[in-house]
J.: 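First the structure, then my questions, so here it is.
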Amino acid sequence: MNFDPEKIMQSAPGPYTMIGGRRYLYFMGTGYLGLHGHPEILKAACEGMMKYGMGSATSRRAFGNSQPILDVEAKAAQFFGKEDSFYFMTGYLSNSVIVQALDGTFDLAVADESAHYSAYDAVHLSGRPVYKFISRDPASLDAVLREQCTEGKRPLVITDGVFPVLGALAPLREYYEVLKNYPGSAMVIDDAHALGAVGPTGRGSVEQSGLPWETVNTNVQPDNGPRLFVAGTLSKAFGGFGGIVPGSKDFISHIHEVSPYFRAANPVSPGVAAGCARALELVMENPGMITQLHDNTRFVRTGLRELGIEVADTPVPIVCVVLETVEMMKKVQADLMKKGILIAYNPKYSDLGPKGGIRIAVFANHTQDMMVQLLEGFARAMKN
Ligand SMILES: Cc1ncc(COP(=O)(O)O)c(C=O)c1O
């Protein structure tokens with residue numbers, strides 16, 4: 001396949017990113033804490049690579065447990081306030097890791113119709129029946145459960161915590177209330193876009209919603225509520241790479257016993273792991289990064305609203321803008337690109353309406369001046 005040379009990335013993603021030979025002010029992608037090119041992370045990764053090579057060439061059941069992998073798991077456990085964690089080759093497998101660990105504890109799966117591909121892969125691979133409910137609609141979830149959960153069947157509900165293009169938060173509290181009517185139920189939340197970015201301390205959409213974080217990934221059934229599970233990645237806010245599931249010792253040990261991604265596949269490259277361990281340390285040493293991301297998100301959302309554009313008032317660093325016409329959105333995207341500012345216009349994505357929408361990603365290290373350039377560019381493009 002021939003890829004458009006103007007779209008080939010030539011640097012680490014960050015507030016400024018080289019693409020197709022041009023340096024852009026970049027409001028795309030998922031590097032919310034702005035860490036992908038951080039020199040300390042890259043240094044740690046290079047040192048790890050030099051010491052351990054490209055990979056362990058064996059699974060963790062054998063001798064594939066290098067120190068950087070164990071460091072990531074210890075630091076992720078610390079960041080998330082859990083006893084342990086499981087780190088593996090890609091965030092895409094996070095939902096599968098959890099759903100496989102829950103095998104035998106649910107009878108059917110019910111997925112948000114706009115949930116990520118990886119959520120659908122996970123539930124389809126479970127071999128249980130899969131049903132859908134209308135995106136972010138607790139009444140629709142309720143109706144599907146009433147119809148399908150006959151004879152005490154235990155549902156597993158799966159949803160994104162934050163939707164990747166719309167930037168909307170799933171109404172987790174409302175789902176939780178609905179699920180109280182189903183003993184033995186579980187809710188799996190793909191929080192790829194929220195961990196490290198959303199919630200007062202960056203623990204994601206569960207923290208943001210006020211649901212009991214301490215029960216997450218523990219297999220503990222809270223008072224009448226569903227068991228809660230969170231699937232994550234280090235490839236977005238944390239500036240690294242690979243899937244992460246932080247949880248209780250028991251839950252993680254159970255994953256080790258049943259997961260092919262522990263028993264029958266190579267772990268993440270140790271160099272990448274060494275970089276990720278440093279990234280997690282940096283975030284813990286500088287919690288101000290997360291508050292800065294929240295401040296920047298507020299600045300961009302407020303600025304767009306002042307231009308008369310409807311945007312939700314949420315702390316999610318993905319800002320979706322739907323203008324009156326497709327032509328207008330294409331024009332804004334093209335005008336900004338000419339000025340050296342990159343945002344995305346997505347004509348189609350599962351959770352967008354028929355017109356598609358503009359997606360703006362805010363980073364913790366976008367400066368005020370950069371965000372003003374974005375907003376002024378928007379204002380200009382909409383006027384002409
Ligand atoms: C909602 C969601 N889940 C999972 C993933 C996969 O994560 P990763 O890219 O780290 O494999 C993505 C990726 O973009 C995503 O948007």
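Just follow the structure's listing: the first ligand is 1, and inside any ligand the first atom is 1. The first residue in the sequence is number 1, and the count goes up from there.
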J.: Which residue holds the protein heavy atom closest to atom 16 (O) of ligand 1, what is that atom called, and what is the gap in Å?
T.: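 Result for atom 16 (O) of ligand 1: H193 NE2, 2.6 Å.
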J.: May I ask which of T90, D190, D160 has a heavy atom nearer to atom 4 (C) of ligand 1 than the others do?
T.: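 When every heavy atom of T90, D190, D160 is considered, D190 comes closest to atom 4 (C) of ligand 1.
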J.: List the steps, then state whether ring-ring contact (aromatic ring centres under 6.0 Å, His included) holds for Y261 with F86.
T.: CA-CA 10 Å; Y261 309 117; F86 178 44; 8.0 Å; no
J.: Name the orientation class of the two ring planes belonging to F363 and H366 (parallel below 30°, tilted from 30 to 60°, perpendicular beyond 60°).
T.: parallel
J.: Should the pair E40-K43 be classified as a salt bridge under the 4.0 Å nitrogen-to-oxygen rule?
T.: no
J.: Given S235, G29, A115, S94, identify the one with the heavy atom nearest to atom 10 (O) of ligand 1.
T.: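 Going through S235, G29, A115, S94 one by one, S235 has the nearest heavy atom to atom 10 (O) of ligand 1.
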J.: Only heavy atoms of G91, strictly under 4.0 Å: list the atoms of ligand 1 that pass.
T.: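 Once the distances to G91 are compared, the set is 6 (C), 7 (O), 8 (P), 10 (O), 11 (O).
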J.: Nearest protein heavy-atom contact for atom 15 (C) of ligand 1: which residue, which atom, what distance?
T.: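 Nearest neighbour among protein heavy atoms for atom 15 (C) of ligand 1, to 0.1 Å: H116 NE2, 3.2 Å.
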J.: If you compare all heavy atoms of S126 against all heavy atoms of V99, which two are closest, and at what distance to 0.1 Å?
T.: CB-CG1, 3.9 Å
J.: Check the orientation of F80 and F238. Use parallel for under 30°, tilted for 30 to 60°, and perpendicular for over 60°.
T.: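 Taking F238 first and then F80, their aromatic rings stand perpendicular (interplane angle over 60°).
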J.: So which heavy atom in the protein is nearest atom 14 (O) of ligand 1, and how far is it from that ligand atom?
T.: K236 NZ, 2.6 Å
J.: Is any side-chain N of the basic residue among K330 and E327 closer than 4.0 Å to the acidic one's carboxylate O?
T.: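 No, K330 and E327 are not salt-bridged.
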J.: What protein heavy atom sits nearest atom 6 (C) of ligand 1, and how far off is it?
T.: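 Answer for atom 6 (C) of ligand 1: Y92 N, 3.5 Å.
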J.: Has ligand 1 got any nitrogen or oxygen that is less than 3.5 angstrom from a nitrogen or oxygen of P164?
T.: no
